[in-house]
S.K.: 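Here's a structure for you.
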Amino acid sequence: MKDRKPLLEIRNLRARIDEKPILNGIDLVIGPGEVHAIMGPNGSGKSTLANVLAGREGYEVTDGTVTFLGKDLLGLEPDKRAGEGVFLAFQYPVEIPGVNNSYFLRAGLNAIRQYRGMEPLDAVDFLKLAKEKARLLDVDDAFLSRAVNAGFSGGEKKRNEIFQMAVLEPRLAVLDETDSGLDIDALKIVAHGVNSLRSPERGFLVITHYQRLLNHIVPDFVHVLDKGRIVRSGGKELALELEEKGYSWLEKEPAGAR
Amino acid sequence: MNAVETFQKDFEALDRAGGPLQRLRRAGWDRFAAHGIPTTREEAWRFTDLAPLARQPFDLGRPSTNGIGSPPSLAPGLVFVDGHYRKDLSVLPDGVHVSSLAGALREDPRLMEGVGAPGEGEPFVALNTAFLEDGAFLRVAKGSRLPAPLHLLFLGTTKAAHPRNLYLIEEGAEATVVETYASAGDTPHLTNAVSDIRVGPGASLAHYRLQVEGPSFHFGAVRARVGKGARFVSNNVVSGGALTRNDITGSLDGEGAHCTLNGLYVIRGTQHVDNFTRLEHRMPRCESHELYKGVLDGRASGVFTGRIHVFEDAQKTDAYQASANLLLTDTATVDSQPQLEIYADDVKCSHGSTVGQLDKDALFYLRSRGLPEAAARHVLVRAFAGDVADRLEIQAVRERVDRILSERLGG
Ligand SMILES: Nc1ncnc2c1ncn2[C@@H]1O[C@H](COP(=O)(O)OP(=O)(O)OP(=O)(O)O)[C@@H](O)[C@H]1O
Ligand SMILES: [Mg+2]
């Protein structure tokens, strides 16, 4: 581990939606190879953080910086962020009727390759890659020829997100509640997919409500987000504590245990 | 001179030449002259303002042998310039009874009798009839089948062109005809085309109409009469023209006839497209399926009228109509209206119309996977247009439509 330059560095990030402050000064540093989990009550701003990182419209960043591999991430268009290696697995994946899953994914992959100055993959090579990743995630090949998420079950959509991640091989993957809606077997498959992508260069930000996922994807750090602020950080045991005691326990404890 | 004065001057010159078509032409002119260029006060023209046409004179296109730029041809076929057949540019397919209408009329001057007359409320068909001279003529004999699609290319320069096409698909015969309307340059011109179609009992015709002209005024009428148990499919694609009005009529004249109308228009800038479709269910147990889609960018405007007339005798009619429009900007507009007139009681008739914008969430989803904005928009527009585009059975036409979509969207 020669290069310990952080993958992602978030400093004092503040953001609002329609004048309403949602993120109130977030500091978070993710190093290469690390898995960070974010937990926190409904409405605390977890998805907002994920969306701001991916560049979704409608959020106004009022203060702070986000640096990704030394670059100012907030100044980049969403597709350029993908090109740089940021991937968001959506909490609510979007249905796009009329667009074939494999066409969609190849277009994305080739756009990212082009951004990086690489040759596009032709249909044959892409199919080979896609089938290999489909096997890894126990995804049916038929998935590829269906329209993007259209008519997919909740679990299938989540699995499709991780499948896309496996094909696109990002440097930083943000998984927003990918575990919700998954049955026990699917959860294991998804966790296996994530674990097989863990590598010394790659980082993960895993948003979840449940300790269960973290049994399979063991995090290096766990953070608790509340009212747009990280109120507690710790190791994987923090998640266990939260599972047992709930979030109200944190309010009773004096803050600042970071 | 304004447009009508110019039409009159050219009509009078043509009329002086006399000939066997004189009577029909005069009937056409009288009808047109009585109506004049329609105004927005007329119900059927409410959303299409022809004042710019009325001000602009276009001289009548005459037969010529002038060189033209490389014509955007799809395949061997017949080429017409300013409405007149160009033998030198055409490649006649083998074993098919196809010719210029002028040639066919020389052999049989009475060919247009009983088919050619303009109806009430068809001022541009009347005008076309006043200038009836040339176009394409196809006869597919009883029980036979065109081996390949017949391609017809109509090029406009700076003139007024009134091509008249006649397709006679006899009993049990099958054919596919592709009409492409394009401009030889980028100057304005006027196209006023009429295709008269007879699909005999048990026969089948797939008709394509691609309008990719430059800044033209374009009027296109398709008048199909569909016989007992026959099938007629109209595919109407528009991406060109400054102002376009198409009148597509399928008359279901025989029991169990079947008619499909597919439409797709993709426009931008200040382009205007008005598609007026009419389905006339005259006999029992006929079916019609209609799907029209529009993609509008810039300040473009679109109009869709879908009239379905079910006559008293047309029991067990099954008619389905849908129109959907995608507005890519806040300044593009669309007026879409079904007009149902149903005089039979045992019919199935449904219709629906939507106007929407690109789904922002879908756009972000695509971009988050690496697609630049233009490419992401292209994917979504292609998906929107997809169910019409994919119905185009000729690959070359489908590819052309895809090319139009990517040119238009810069993806
Ligand atoms: N588009 C929006 N318009 C207005 N308010 C919004 C919008 N998106 C999010 N919010 C508000 O921002 C706050 C944070 O929402 P966010 O989705 O980030 O929460 P979350 O932590 O992901 O919650 P959950 O655990 O339920 O997914 C909520 O109060 C929510 O109502
Ligand atoms: Mg959320």
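None of these values were measured; they are calculated from a predicted model. In what follows, every chain begins at residue 1, and chains take the letters A, B, ... in the order their sequences are listed.
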S.K.: Would you mind checking which part of A:Tyr103 comes under 4.5 Å of any heavy atom in chain B, side chain (CB onward), backbone (N, CA, C, O), both or neither?
M.R.: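 The side chain, not the backbone.
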
S.K.: For A:Gln114, does the CD atom sit with more than 12 other heavy atoms under 6.0 Å from it, leaving out its own atoms?
M.R.: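 No, CD of A:Gln114 has 12 or fewer neighbouring heavy atoms, counting only those of other groups under 6.0 Å.
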
S.K.: With a 6.0 Å cut-off (strictly less than), is the heavy-atom count around CD of B:Glu393, excluding the residue itself, greater than 12?
M.R.: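 Atom CD in B:Glu393 is not packed in, count stays at 12 or less.
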
S.K.: Write down the atom of A:Val99, the atom of B:Ala383, and the distance for their closest heavy-atom approach.
M.R.: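 That would be CG2-CB, 3.5 Å.
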
S.K.: Is B:Arg307 atom CZ crowded by more than 12 heavy atoms from other residues, nucleotides or ligands, each under 6.0 Å away?
M.R.: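 Above 12, so yes.
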
S.K.: Between B:Ala362, B:Ala376, B:Ala385, which has the largest tally of heavy atom pairs under 4.5 Å with chain A?
M.R.: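 Among B:Ala362, B:Ala376, B:Ala385, the one with the most close pairs to chain A is B:Ala362.
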
S.K.: Checking heavy atoms, do the side chain of B:Leu380, its backbone, both or neither come under 4.5 Å from chain A?
M.R.: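 Contact with chain A involves the side chain of B:Leu380 alone.
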
S.K.: Is it the backbone or the side chain of A:Asn100 that comes under 4.5 Å from a heavy atom of chain B, or both, or neither?
M.R.: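 No part of it gets close to chain B.
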
S.K.: If I measure from the heavy atoms of chain B, does A:Gln164 come under 4.5 Å with its side chain, its backbone, both, or neither?
M.R.: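 Just the side chain, heavy atoms under 4.5 Å.
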
S.K.: Tell me, yes or no, whether the heavy-atom count around B:Phe47 atom CZ, taken from other residues, nucleotides or ligands under 6.0 Å, exceeds 12.
M.R.: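 Yes, because the 6.0 Å sphere around CZ of B:Phe47 holds more than 12 heavy atoms from other groups.
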
S.K.: Is A:Pro170 in contact with chain B via its backbone, its side chain, both, or neither, using a 4.5 Å heavy-atom distance?
M.R.: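 For A:Pro170, neither part sits under 4.5 Å from chain B.
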
S.K.: Answer yes or no: are there more than 12 heavy-atom neighbours, outside A:Asp72 itself, under 6.0 Å from its atom CG?
M.R.: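 Yes - once you tally the heavy atoms of other residues, nucleotides and ligands closer than 6.0 Å, there are more than 12.
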
S.K.: Examine whether an atom of A:Arg56 lies under 4.5 Å from a heavy atom of chain B, and if so say whether it belongs to the side chain, the backbone or both; otherwise answer neither.
M.R.: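 Both backbone and side chain of A:Arg56 come within 4.5 Å of chain B.
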
S.K.: Atom CZ of residue position A:Arg106 - does it have more than 12 heavy atoms of other residues, nucleotides or ligands inside 6.0 Å?
M.R.: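 Above 12, so yes.
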
S.K.: In terms of relative ring orientation, are A:Phe104 and B:Tyr365 parallel, tilted or perpendicular, with 30° and 60° separating the classes?
M.R.: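 Judged by the thresholds at 30° and 60°, the geometry between A:Phe104 and B:Tyr365 is parallel.
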
S.K.: How close do A:Phe90 and B:Ser368 get, heavy atom to heavy atom, and via which atoms?
M.R.: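 Where A:Phe90 meets B:Ser368 most closely, the heavy atoms are CE1-OG, 3.5 Å.
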
S.K.: Indicate the atoms forming the closest heavy-atom contact of B:Gly370 with A:Ile112, along with that distance.
M.R.: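 Closest pair (atom of B:Gly370, atom of A:Ile112, distance): CA-CG1, 3.9 Å.
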
S.K.: Could you tell me which non-hydrogen atom of A:Ala82 sits nearest to which non-hydrogen atom of B:Arg369, and how far apart they are?
M.R.: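 So the minimum-distance heavy-atom pair works out to CB-C, 4.1 Å.
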
S.K.: Any idea which heavy atoms bring B:Phe364 and A:Pro78 closest together, and the distance?
M.R.: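 That would be CE1-CB, 4.0 Å.
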
S.K.: Tell me whether the count of non-hydrogen atoms from other residues, nucleotides or ligands lying under 6.0 Å of CD in B:Gln357 goes above 12.
M.R.: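 Yes, because the 6.0 Å sphere around CD of B:Gln357 holds more than 12 heavy atoms from other groups.
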
S.K.: Within a 6.0 Å radius of atom CG on B:Asp330, are there more than 12 heavy atoms belonging to other residues, nucleotides or ligands?
M.R.: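 For B:Asp330, atom CG is not crowded (no more than 12 foreign heavy atoms under 6.0 Å).
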
S.K.: Hey, which of B:Leu366, B:Asp361, B:Leu363 is the one that makes side-chain contact (heavy atoms from CB on, under 4.5 Å) with A:Val94?
M.R.: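 So, applying the side-chain contact (heavy atoms from CB on, under 4.5 Å) to A:Val94 and each of B:Leu366, B:Asp361, B:Leu363, only B:Asp361 qualifies.
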
